[in-house]
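Contents: one structure, followed by commentary.
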Amino acid sequence: MTTQNQKLKMALTSTPMILIYVIAVFCIVVSIRQPAFLSPATAINIGRAGIFTMCFAICEMVVIISGGIDVSFPAVGCVAMYVPLYLNYHGMLPDNVFAFFGLAMFIGLIFGILNGILVSYLKLPPLIATLATSSIASGGLILALGTREFTTLPPSLEALYRVNLVTYTDAATGFTYPLTILFLVPVALCVVMALVMHFTMLGRGLYAIGGDANAARIAGFNVRLLQFFAYIFCGVAAGATAMIYTTLMHSSTTTALMGDEMIIIAACVVGGCRLTGGHGNVGGTILGVLLITLVQTNLNMLGIPTSWQTFAVGLVLLLGAILTSIQAKRQTKLGKI
Amino acid sequence: MSEPKLTKDRRLPGFLRDTHIVTIIGLMVLVCIIMMILSPSDFFSGKNLVSMIFQFPEYGILAFGMMACMIAGGIDLSLVGIMNLSGVLAALILKNMVQMDGTTVLNPGMVLPALILAIVVAIVVGAACGAFNGFIIGYFGLPAMLVTLCGLQLYTGLAYGITGGPAINGMCDAFKNIANGTIPGTGIPIVLLIFIVVLAAVVFIMKCTVFGHEIYFLGSNAKAAMYSGINTLKVTIMTYMFSGILGGISGILITSHLNSAKSSNGSTYTLLTLLIVVLGGIHPDGGKGRVLGVTLAVLLLQMIANGFSLMHVSQNAKTFANGCLLIAALVLSVVLEKRAEKKAAAAS
Amino acid sequence: MSEEIFLKLEGIKKSFGGVHALKGVDLEIRKGEVHCLAGENGCGKSTLIKAISGVHEPDEGSIWIDGEKVEKMKPMDAINRGIQVIYQDFAVFPNLTVAENIALNGELKNKAKLVNWKEIHETAAKAMEQVGAHIDPDVKLERLSVANKQMVAIGRAIVNDAKLLILDEPTTALTAREVEKLWAIVRNLKEKGIAIMIVNHKLDEIYRIADRLTILRNGAYVSSGPISEYDQARFTRDMTGKDISGEKYNAAASEEEILRVEHLTRSGAFEDVSFTLRKGDVLGLTGLLGSGRGEIGEALFGIAPAESGRVVLNGKEITIKSVADAMANDIGYVPEDRLTQGLFMQRSIQDNTIASSIRRYMKGARLDEQGMEDATKHWIKEIGIVAPSPKPAVRTLSGGNAQKVVIAKWLNTDPKLFILDGPTVGVDIGAKSEIHGILHNLAQQGIGIIVISDDLPELVQNCNKIVVMRDGKVAAEVDNSIDEISLSNLLIGANEEEVESK
């Protein structure tokens with residue numbers, strides 16, 4: 001029987017709480033070394049830097065909860081950011097924000113369907129299948145359209161880029177820190193997905209198939225359709241996110257996002273998603289993204305050269321993974337009820 | 001159990017009963033025929049054959065590491081990271097011990113010790129990284145996919161941190177010769193020899209040692225392995241260590257081949273090695289597969305890659321084709337498995 | 001109990017690829033009765049359940065539900081008509097909460113798009129109240145014990161308006177107390193007019209709960225009737241097609257001691273367990289689940305070592321802290337679950353046979369392939385494994401043959417002490433007696449044999465000494481002159497009163 005005391009102890013040592021402690025300690029250490037850290041500018045910087053990480057992490061989270069994994073989204077994202085600008089450059093796509101985002105999402109949809117077919121209909125192992133999709137997407141893109149780099153945005157995207165939510169001006173230095181309107185995209189995505197995952201049969205179905213696909217089939221869930229949804233959602237949202245990336249970074253290349261899958265998966269796992277499926281939620285993922293973004297953007301403030309950033313992210317991922325294992329063991333120790 | 005079926009099977013030598021191996025041989029013949037039509041003089045020239053030999057050993061050896069882990073029921077996505085970390089450390093040792101002025105060596109006496117030290121360090125570092133992967137997987141019971149992805153990040157990060165970004169270039173000729181030279185007087189590439197030695201060692205380990213059998217047992221049923229008295233933690237660590245050692249050897253080869261070491265070399269090799277092992281008939285769930293299949297798959301992919309480059313098709317076309325081939329290989333194995341299951345159901 | 005029939009099957013036939021799994025089965029289940037479906041392994045029980053629940057469509061025969069003939073039933077149709085199956089693995093979601101596990105299916109059936117958490121909690125509370133269980137509805141299923149998971153599964157079936165509840169081997173993983181609680185719930189549901197079909201093959205349990213009984217053998221209907229018409233002899237005869245053989249195993253008297261266990265303790269599992277095994281003995285170790293019977297085997301084999309106590313094997317005191325220690329002392333162990341713990345299904349008979357003794361085939365630097373093959377051939381012949389060669393994969397073998405391979409694996413290590421947990425579970429009758437024969441032979445050769453089992457007839461017939469465990473302690477040590485009913489009472493610790501009230 002769990003007493004009130006035990007419950008409190010469990011809550012204080014749960015994975016999200018540990019993440020909050022780690023984030024707090026990190027912030028305190030950084031702010032001791034660099035008092036300038038504690039300013040609205042930092043918040044805006046992190047908010048800016050975390051936009052794509054957050055969006056991609058939500059995509060990946062949905063797939064991981066359904067019991068799969070998608071490592072193709074960086075390649076798919078590259079196709080989705082490159083093709084619209086390429087077509088526009090060659091005068092085949094009107095200069096319209098909706099056209100750009102629409103096409104990007106359509107491209108994501110196509111690859112999502114491909115992943116869905118491979119995983120849910122052909123029952124291929126998700127990691128290997130999406131790795132194959134990734135190479136088809138990136139190889140095929142360069143094969144068909146060649147490598148260029150678009151560094152100037154079409155006017156409509158440029159206009160979007162200039163819309164800011166708030167702008168903070170540092171009184172001492174006079175630097176301005178604008179926060180783009182696109183920051184609302186990850187916010188909206190998080191809110192919507194939190195609601196979908198918790199309050200709809202679709203969301204609960206994703207948890208169910210991730211927990212036990214066979215039990216889900218017996219209960220009457222359409223397992224294939226749900227898996228399909230996860231990959232399609234991931235593709236479509238990754239396409240839109242890639243277009244946000246282009247808008248904010250003023251850059252669209254065929255390889256811009258390649259290699260990002262690691263950081264995204266790291267954020268999800270650190271945030272409590274289990275690669276075996278069925279576990280994880282939007283709140284945890286937000287914390288995971290926050291921690292990873294903090295580490296990425298503020299490592300140099302701790303006196304660690306940026307060339308060690310990759311290693312640091314790996315270390316955070318490793319510790320996060322070990323933490324989940326320890327938490328699981330702790331729970332078994334508590335015994336069955 | 002149907003007795004007649006078994007006697008019928010006995011007519012064929014063992015490896016020809018393996019559908020995967022027959023498929024690969026068929027594909028190799030197909031590639032030969034296509035190339036015979038498209039550019040016979042180039043493809044079958046001695047020069048082309050030698051150039052093929054210089055290319056495949058580095059990823060072929062990686063594929064054996066991937067194979068061992070997959071047979072044990074896991075996967076090793078950190079191989080490319082291990083390869084680059086080993087390569088970077090070997091390159092650093094050579095750069096520091098052998099003083100160079102342009103391309104001339106100033107202290108020739110140091111070349112051999114440096115070479116030996118570099119190779120030993122590369123292999124030891126590979127083994128250590130692999131053992132670390134294996135320990136985390138076995139001790140904490142985490143999915144191999146997650147741990148080795150994490151390992152990839154860690155080892156790549158270490159290599160990147162050590163080099164600070166730019167590649168280490170310009171090692172001495174003796175080192176360059178490992179992957180680019182031939183055995184004096186014979187014209188046989190040294191890498192071919194290395195590949196054959198590694199292949200022989202892998203075949204021996206997988207077929208003729210207790211450890212090799214234990215890898216198969218672990219991959220078939222980890223719990224039954226434990227109940228049969230097999231130390232599963234030890235076997236897991238050893239399997240990933242084995243894989244890591246092969247990663248270290250590859251690290252030396254690729255660094256020597258390119259005469260350059262950095263953290264992002266060979267980034268397409270993860271996909272390539274997965275493709276090789278799946279095409280070679282290693283089951284992603286573990287416990288099944290043969291070294292022969294993987295070896296043939298290495299040769300097949302080299303032939304395809306070579307065919308592409310003779311046709312002046314870009315690297316990206318290769319990536320695209322490899323992706324398609326990987327899906328085709330997976331679909332093939334799924335179809336074959338379903339057919340075998342149906343047969344088994346009908347027979348029982 | 002009313003006389004009204006809820007489910008009626010007539011002449012159900014079903015074959016798979018030429019194999020007749022069901023050869024014309026009749027079954028009648030009345031409203032509000034507890035009906036037991038019994039039969040040996042492979043008699044077609046699970047195929048019949050699948051036919052009733054709409055998973056398999058019968059080739060021939062007809063199904064009536066509530067007096068209405070049903071054609072081409074799909075799983076959803078069966079559910080809508082009130083048939084709910086609780087499989088052995090319960091088909092629950094480990095990552096979701098109790099409340100959700102109970103209520104999600106209903107929401108799905110109503111084609112709800114949104115989740116009403118308030119309603120889910122209400123449904124769960126209602127179900128828990130009907131079942132009479134008290135489980136925190138916000139706990140995730142992975143934290144529940146097997147018994148509580150079963151409660152959740154039953155609760156889920158009840159809220160989905162079950163009219164017929166099919167429980168597939170519901171007691172295999174339950175402790176004595178949990179079984180009693182389950183029977184109380186079953187009686188309660190019965191009073192509400194719900195028909196319950198229990199698949200079971202343990203006579204003592206059937207007597208405790210069932211009203212009527214149907215027996216199948218080899219896919220065919222054998223007999224059916226009220227439980228009072230069955231006595232031990234008829235039950236065994238109908239189940240196996242043979243009369244009970246009176247022959248029991250008796251060891252040649254010997255004073256030579258093979259194993260002595262003294263005060264063996266592992267907290268939470270068993271306490272102060274002592275017994276001895278003499279040369280020629282086949283020692284039975286029994287008890288209900290949770291009594292510590294299986295745990296003693298695991299302790300002696302080092303999987304979950306004992307914390308204190310002495311083990312003396314052939315006159316030498318040994319310490320077992322790991323599987324390696326046990327193997328170094330020549331102890332062999334056949335685990336309870338053949339499929340997941342005992343065998344490498346995809347691998348050949350040879351690979352399985354040498355799995356525990358592979359090290360002895362090192363010849364110089366390499367393995368002696370021929371030696372391994374010869375050893376496998378030896379055991380195929382010696383213990384009668386039906387196989388054309390050592391090469392076929394174990395998954396192609398029948399249950400009995402596969403179990404013989406597990407036995408061969410350990411015999412090939414030359415064990416001095418051989419522990420078998422449930423050696424004949426899921427094994428057909430012929431192979432069962434062959435396996436018993438093998439064990440008797442081994443015992444006479446001087447190998448210590450411990451059979452851990454809850455199959456009482458098996459124990460009485462094949463062991464000359466039986467240690468009965470209850471709540472982690474040795475409750476009694478008896479010889480094989482005991483009859484099954486008294487043994488069963490020893491197991492549950494029932495006093496005379498309770499036995500009579502039944």
Side-chain angles (χ1 to χ4, degrees), chain B residues 1-10 14 17 71-73 200-201 203-235 281-290 337 340-348, chain C residues 16-19 298 301-303 322-328 331-348 351-352 354-369 372 386-389 391-398 401 406 409-410 413 421:
Chain B
M1 282 157 292
S2 58
E3 200 115 12
K5 193 179 132 229
L6 281 161
T7 40
K8 196 180 107 198
D9 278 356
R10 268 199 209 112
R17 262 184 267 151
I71 291 176
V203 169
F204 181 78
I205 288 173
M206 297 306 287
K207 268 194 91 92
C208 305
T209 65
V210 171
F211 169 55
H213 281 245
E214 284 175 341
I215 293 178
Y216 279 99
F217 285 136
L218 189 70
S220 304
N221 184 345
K223 213 171 194 176
M226 197 264 277
Y227 276 89
S228 297
I230 293 168
N231 186 336
T232 48
L233 175 61
K234 193 177 121 196
V235 177
I282 307 293
H283 199 281
D285 291 340
K288 269 196 269 182
R290 295 157 170 263
E337 207 174 319
E341 259 170 34
K342 264 190 195 153
K343 252 191 198 168
S348 73
Chain C
F16 300 97
V19 179
E298 289 189 339
F301 189 61
I303 286 167
S322 66
V323 176
D325 289 347
M327 287 180 67
I331 297 173
Y333 177 75
V334 173
E336 193 180 6
D337 188 342
R338 183 167 58 238
L339 297 183
T340 66
Q341 301 168 334
L343 289 167
F344 306 95
M345 298 304 280
Q346 305 294 332
R347 309 218 55 84
S348 67
D351 279 346
N352 274 279
I354 51 97
S356 293
S357 46
I358 186 165
R359 279 176 202 284
R360 62 174 65 178
Y361 296 100
M362 286 303 285
K363 229 185 205 173
R366 55 179 298 169
L367 285 166
D368 175 12
E369 197 72 31
M372 298 195 283
V386 184
S389 80
K391 299 300 176 200
V394 168
R395 76 182 137 81
T396 63
L397 301 181
S398 67
N401 270 320
V406 186
K409 172 172 82 181
W410 288 108
T413 65
D421 196 344

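Within every chain, numbering begins at 1; the chains are lettered A, B, ... in the order of the sequence lines, protein sequences first and strands thereafter. Computed over heavy atoms, backbone and side chain alike; hydrogens, waters and symmetry mates excluded.
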Stepwise, does the side chain to side chain contact (heavy atoms under 4.5 Å, CB included) test hold for C/L367 with B/H213? CA-CA 10 Å; C/L367 285 166; B/H213 281 245; 3.3 Å; yes
Does anything in residues 225-232 of chain B get under 4.5 Å of chain C by heavy atoms, and if so which residues? B/A225, B/M226, B/Y227, B/S228, B/G229, B/I230
Sort C/I358 into side chain, backbone, both or neither according to what part of it lies under 4.5 angstrom from a heavy atom of chain B. both
Checking B/N221 side chain against C/T340 main chain: does a donor-acceptor pair fall under 3.5 Å? yes
What heavy-atom pair brings C/F344 and B/F217 nearest, and what distance separates the two atoms? CE2-O, 3.2 Å
Less than 4.5 Å to any heavy atom of chain B: does that hold for the side chain of C/A324, its backbone, both, or neither? neither
Mind ranking C/R366, C/Q341, C/R338 by heavy-atom pairs under 4.5 Å with chain B and telling me who comes out on top? C/Q341
Quick one: list whatever passes salt bridge (Lys or Arg N to Asp or Glu O under 4.0 Å) with C/D368, sequence neighbours left out. C/K363
Under the salt bridge (Lys or Arg N to Asp or Glu O under 4.0 Å) rule, collect the residues that match up with C/R360, sequence neighbours excluded. C/D414
If we define contacts as heavy-atom pairs under 4.5 Å, which of C/V406, C/I354, C/D351 has the most with chain B? C/D351
Which of C/Q346, C/M327, C/R347 touches chain B most, by non-hydrogen pairs under 4.5 Å: C/R347
Does any heavy atom of chain C fall under 4.5 Å from the side chain of B/Y216, the backbone, both, or neither of them? both
Proximity breakdown for C/Y361 and chain B, heavy-atom pairs closer than 4.5 Å: neither
Are more than 12 heavy atoms from other residues, nucleotides or ligands located less than 6.0 Å from atom NZ of B/K207? no
Contacts of B/K223 meeting salt bridge (Lys or Arg N to Asp or Glu O under 4.0 Å) (sequence neighbours excluded), chain-then-number -> none
